[in-house]
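Only one structure is covered here, and it is reproduced in the block below.
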Amino acid sequence: MILRDSHHPTAPALRGPTVRVFDSAEAAAEYAADLVLEALAAAPGAGLGLATGSSPQRLYGALARRRAAGADFSSLSGFALDEYLGLPAEHPESYRSVIERDVIAPLGMDPDRVHVPPATDDPAVLAAFDARIGASGGIAVQILGIGGNGHIGFNEPGTPFSTRTHLTALSDSTRRANARFFDSLSDVPTHSVTQGIGTILESRRILLLATGAEKAEAVATAIESGITIDCPATALQLHENVTFVLDSAAAGASRCWPVCTAFIHIFRSTLALDARDTSPLTLATLAL
Ligand code: GLP
């Protein structure tokens, strides 16, 4: 069930992100899967931008169910956002392994069409990765998660918005957050290669998925604060077609949400609306 459907214009010239809030992570993933299929259909030949991390896992599950119902991803190109430096490709936590496990196999994608950034600091090789995205038709929709510090991909706070695929150092907070995937903190790589914010912003559409209260502050900053390199996800406010798909916990710290909720209650009690009615129409009416 959708709880909120709103738009956050950032400045007159900018469209601002669309925000959709669902009552469960499962409902958010189902909606996100529909959005991915719609974006792929709207841009034939363009690729799918793939994120790792826990946030998109339910989405990949939902897309696998679409495959079982007839969707065909076998000729789709895929480009992962990032890769650790220093892990062998066959390491279970290399993003190449994660993408093979969570995306390529369940979606039936062709491994030769799915590209993970090369774990290198060679500028020519990194530039070739960006060029390959362009040469294969660009990205129809880039899937993103968000770090607790507002990072997207592995673009940490302080990353210029013009960056292309590049080698970067991981912040202490990111390494601590990702230590859950490794035996110990010291096993977490210190560096990674990530698509740059400039690379990400070239995608036709961007879908940011966030669930859980621990993401609420980063989500609120990404949507509602001024645009700043201190929170890389605020760069998304510069893109014309961004959708944040959230569960209610991840939307919890949004400064608009308590106000919105209060209006919903007033509106319902005034018009005796069904208490469960939080349809887009209702919310659009509230916004007038
Ligand atoms: C990781 C990834 C990001 C991901 C983020 C959040 O470090 N590089 O692409 O979005 O951190 O991960 P999770 O969804 O597991 O919280």
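What you see is a predicted model; the values in this text were computed from it and never measured. This chain uses plain numbering: 1 for the first residue, then up along the sequence. Just so you know, ligand 1 is whichever comes first in the structure, and atom 1 is the first atom listed for that ligand.
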Proximity to ligand 1 by part of Tyr84, non-hydrogen separation under 4.0 Å: neither
Per salt bridge (Lys or Arg N to Asp or Glu O under 4.0 Å), Glu30 is matched among Arg65, Arg58, Arg20 by Arg65
Tell me, which protein residue and heavy-atom name are nearest atom 8 (N) of ligand 1, and how many Å apart are they? Asp82 OD2, 2.9 Å
Regarding ligand 1, does Lys215 bring an N or O atom to under 3.5 Å of one of the ligand's N or O atoms? yes
heavy-atom search around atom 14 (O) of ligand 1 in the protein gives Ser55 OG, 2.5 Å
Consider every N or O of Thr52 and every N or O of ligand 1, then say whether any pair is closer than 3.5 Å. no
Could Arg204 and Glu240 be called an ion pair, given the rule that one side-chain N must be under 4.0 Å from one carboxylate O? no
Pair Glu93 + Arg180: basic N to acidic O under 4.0 Å: no
Under a 4.0 angstrom heavy-atom cut-off, which atoms of ligand 1 come close to Arg180? 13 (P), 15 (O), 16 (O)
Around atom 11 (O) of ligand 1, find the nearest protein heavy atom and jot down its residue, atom name and distance. His151 NE2, 3.1 Å
Within ligand 1, which atoms have a heavy atom of Gly145 less than 4.0 Å away? 10 (O)
At their closest point, which heavy atom of Leu81 faces which heavy atom of Leu144, and how far apart are they? CD1-CD2, 3.6 Å
Heavy-atom donor-acceptor pair, Ser94 side chain to Ala89 backbone, under 3.5 Å: yes
Using a 4.0 Å heavy-atom cut-off, which part of Ser54 comes near ligand 1: side chain, backbone, both, or neither? both
Just which atoms of ligand 1 are under 4.0 Å from any heavy atom in Phe154? 7 (O), 8 (N)
Treating Glu83 as the side-chain partner and Arg96 as the backbone partner, does any N or O pair qualify as donor plus acceptor under 3.5 Å? yes
Closest non-hydrogen protein atom to atom 6 (C) of ligand 1, residue and atom name please, with distance? Ile146 O, 3.5 Å
Provide the closest heavy-atom pair for Ile139 versus Phe79 in the form atom of the first, atom of the second, distance. CD1-CD1, 3.7 Å
If you scan protein heavy atoms around atom 12 (O) of ligand 1, the nearest is Gly53 CA, 4.0 Å
Is it true that a side-chain atom of Thr194 and a backbone atom of Phe154 form a donor plus acceptor pair closer than 3.5 Å? yes
With a heavy-atom distance limit of 4.0 Å, tell me whether Thr194 approaches ligand 1 through its side chain, its backbone, both, or neither. neither
Which atoms from ligand 1 have a heavy atom of Asn178 less than 4.0 Å away? 1 (C), 7 (O)
Residues Leu236, Leu201; criterion side-chain contact (heavy atoms from CB on, under 4.5 Å); working and verdict: CA-CA 7 Å; Leu236 302 177; Leu201 291 178; 4.3 Å; yes
Does any N or O of ligand 1 fall below 3.5 Å from an N or O anywhere on Gly153, backbone included? yes
Would you call Glu214 a ligand 1 contact, heavy-atom distance under 4.0 Å? no
More than 12 heavy atoms from other groups under 6.0 Å of CG on Asp122: yes
